[in-house]
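Throughout, numbering of the chain's residues begins at 1 and tracks the sequence.
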Amino acid sequence: MPDTAEYLARIQSYSDIENFLELQATTADALRNVTANASSATLQKSPAPGKWSIVAIVAHMAEDELVSSWRYRQMIENSGCALAGFDQDLWAKLGRYEAWAIDDALQMFTLLREANLRMLKSLSKGDWERHGMHAERGKITVRDLARHMAGHDRNHLEQIRKILAQSL
């Protein structure tokens with residue numbers, strides 16, 4: 001599903017920060033903390049028809065981290081490469097996000113994020129400017145993607161907080 005202008009503007013507003021790697025480094029703990037006291041039923045419940053549950057959101061974040069891992073490495077290895085988009089709703093269906101356990105989603109997200117942060121923290125100035133041509137967003141640098149992912153994190157954390165507040 002292509003990104004909407006509203007979505008990209010929201011992500012941009014969340015990610016317009018200098019410490020995007022620090023934000024990324026805190027996301028796994030923030031996810032664990034925000035979901036820690038929620039019941040399994042609350043974590044698995046869709047907030048509305050066609051909307052993802054909290055577990056599905058975290059599973060999406062884990063698989064999006066997998067996609068980003070590939071994209072970072074492709075851009076660094078082959079600057080200017082094509083970067084395909086993906087249909088997140090199809091991935092949710094194929095991945096059966098509704099059947100995931102929160103601990104599995106958090107573990108997958110955490111391991112992939114830690115691997116990406118290790119790699120990102122070792123990059124040279126030039127590596128940060130290597131780029132790919134995203135099918136929906138056009139030219140995107142490694143820095144742009146890392147900043148985007150920090151905004152993506154904040155977006156989904158806010159979404160999870162709203163779902164939890166509505167379930168009280």
Side-chain angles (χ1 to χ4, degrees), residues 1-35 51-52 54-92 95 97 100 102 105-164:
M1 162 190 291
D3 295 329
T4 65
E6 176 196 354
Y7 168 78
L8 291 175
R10 186 172 60 248
I11 296 300
Q12 178 66 35
S13 74
Y14 285 148
S15 63
D16 199 15
I17 54 174
E18 287 304 312
N19 61 345
F20 55 90
L21 290 182
E22 290 174 32
L23 179 64
Q24 282 196 30
T26 64
T27 300
D29 283 341
L31 287 168
R32 266 189 285 291
N33 291 338
V34 78
T35 60
K51 297 294 183 183
W52 289 347
I54 292 169
V55 170
I57 293 167
V58 179
H60 159 72
M61 292 175 74
E63 289 205 335
D64 203 2
E65 195 66 18
L66 177 70
V67 171
S68 296
S69 181
W70 176 252
R71 288 176 176 165
Y72 291 135
R73 286 155 178 82
Q74 285 298 292
M75 290 188 283
I76 293 165
E77 181 179 350
N78 184 24
S79 193
C81 65
L83 301 172
F86 69 97
D87 182 335
Q88 66 182 18
D89 292 319
L90 178 60
W91 281 45
Y97 290 176
W100 285 43
I102 191 69
L106 286 167
Q107 183 178 20
M108 183 172 164
F109 176 81
T110 300
L111 291 171
L112 289 165
R113 176 56 60 86
E114 288 172 354
N116 284 335
L117 287 172
R118 262 191 312 276
M119 187 265 313
L120 290 169
K121 289 176 181 177
S122 73
L123 295 181
S124 70
K125 281 187 176 184
D127 289 337
W128 282 101
E129 300 313 315
R130 297 183 70 76
H131 70 281
M133 297 304 293
H134 191 281
E136 297 159 359
R137 299 179 205 139
K139 183 179 178 181
I140 184 171
T141 66
V142 171
R143 181 181 314 283
D144 294 335
L145 180 56
R147 191 179 300 265
H148 174 88
M149 292 308 293
H152 184 259
D153 290 354
R154 287 180 69 184
N155 180 62
H156 284 307
L157 278 164
E158 287 303 311
Q159 185 181 13
I160 290 168
R161 287 183 180 109
K162 286 179 185 174
I163 293 169
L164 287 170

Kindly indicate whether the side chain of K139, heavy atoms from C-beta on, has any atom under 4.5 Å from the side chain of D144.
no
Side chain proximity check, H152 to M61, heavy atoms < 4.5 angstrom:
yes
W52 side chain reached by D89 side chain, heavy atoms, under 4.5 Å:
yes
In this structure, CD1 of I163 is separated from CD of E158 (nearest 0.5 Å) by 11.5 Å
Take V34 and I54, measure what side chain to side chain contact (heavy atoms under 4.5 Å, CB included) needs, and give me the verdict at the end.
CA-CA 10 Å; V34 78; I54 292 169; over 6 Å; no
Would you call I57 and Y97 a side-chain contact if the rule is heavy atoms closer than 4.5 Å?
no
Please examine the side chains of M108 and E65, heavy atoms only from C-beta on, and report whether any two atoms are closer than 4.5 Å.
no
Is there a donor-acceptor contact under 3.5 Å from the side chain of Q24 to the main chain of A146?
yes
Could you state the interatomic distance from CD (Q107) to CD1 (I102), rounded to the nearest 0.5 Å?
12.0 Å
So, S124 and D127: side-chain donor and acceptor under 3.5 Å apart, yes or no?
yes
Might you point out which heavy atoms bring A62 and L112 nearest each other, and give the distance in Å?
O-CD1, 3.4 Å
I'd like to check V67 versus W91 (side-chain heavy atoms, cut-off strictly below 4.5 Å). Are they in contact?
yes
Using modelled atom types and a 3.5 Å cut-off, is there a donor and acceptor pairing between side-chain atoms of N116 and backbone atoms of R113?
no
One pair to check against side chain to side chain contact (heavy atoms under 4.5 Å, CB included): E22 and T26. What are the steps and the verdict?
CA-CA 6 Å; E22 290 174 32; T26 64; 5.7 Å; no
Could you list the donor-acceptor pairs under 3.5 angstrom formed by side chains in residues 75-86, with sequence neighbours left out?
{"unit_1": "S79", "atom_1": "OG", "unit_2": "H131", "atom_2": "N", "d": "3.1"}
{"unit_1": "S79", "atom_1": "OG", "unit_2": "H131", "atom_2": "ND1", "d": "3.2"}

Atom CE of M149 and atom CG of L23: how far apart are they, to the nearest 0.5 Å?
11.0 Å
Can you give me the closest heavy-atom contact between L31 and L106, atom names plus distance?
CB-CD2, 3.5 Å
Drop me the distance from L157's CG to K162's NZ, to the nearest 0.5 angstrom.
12.0 Å
Over all atoms of both residues, closest heavy-atom pair of V58 and A105
CG1-CB, 3.6 Å
If only side-chain N and O atoms count, and only distance matters, is there a donor-acceptor pair under 3.5 Å linking S69 with R73?
yes
Under 3.5 Å: donor-acceptor pair, side chain of D64, backbone of H60
no
Rounded to the nearest 0.5 Å, the CZ atom of F20 sits from the CZ atom of R154 at a distance of 14.0 Å
Do L120 and V142 touch side chain to side chain, with heavy atoms closer than 4.5 Å?
yes
Counting distance only, does the side-chain N/O of W100 pair as donor-acceptor with the main-chain N or O of G95 below 3.5 Å?
yes
Which heavy atom in T110 sits nearest to a heavy atom in A28, and how many Å separate them?
OG1-CB, 3.4 Å
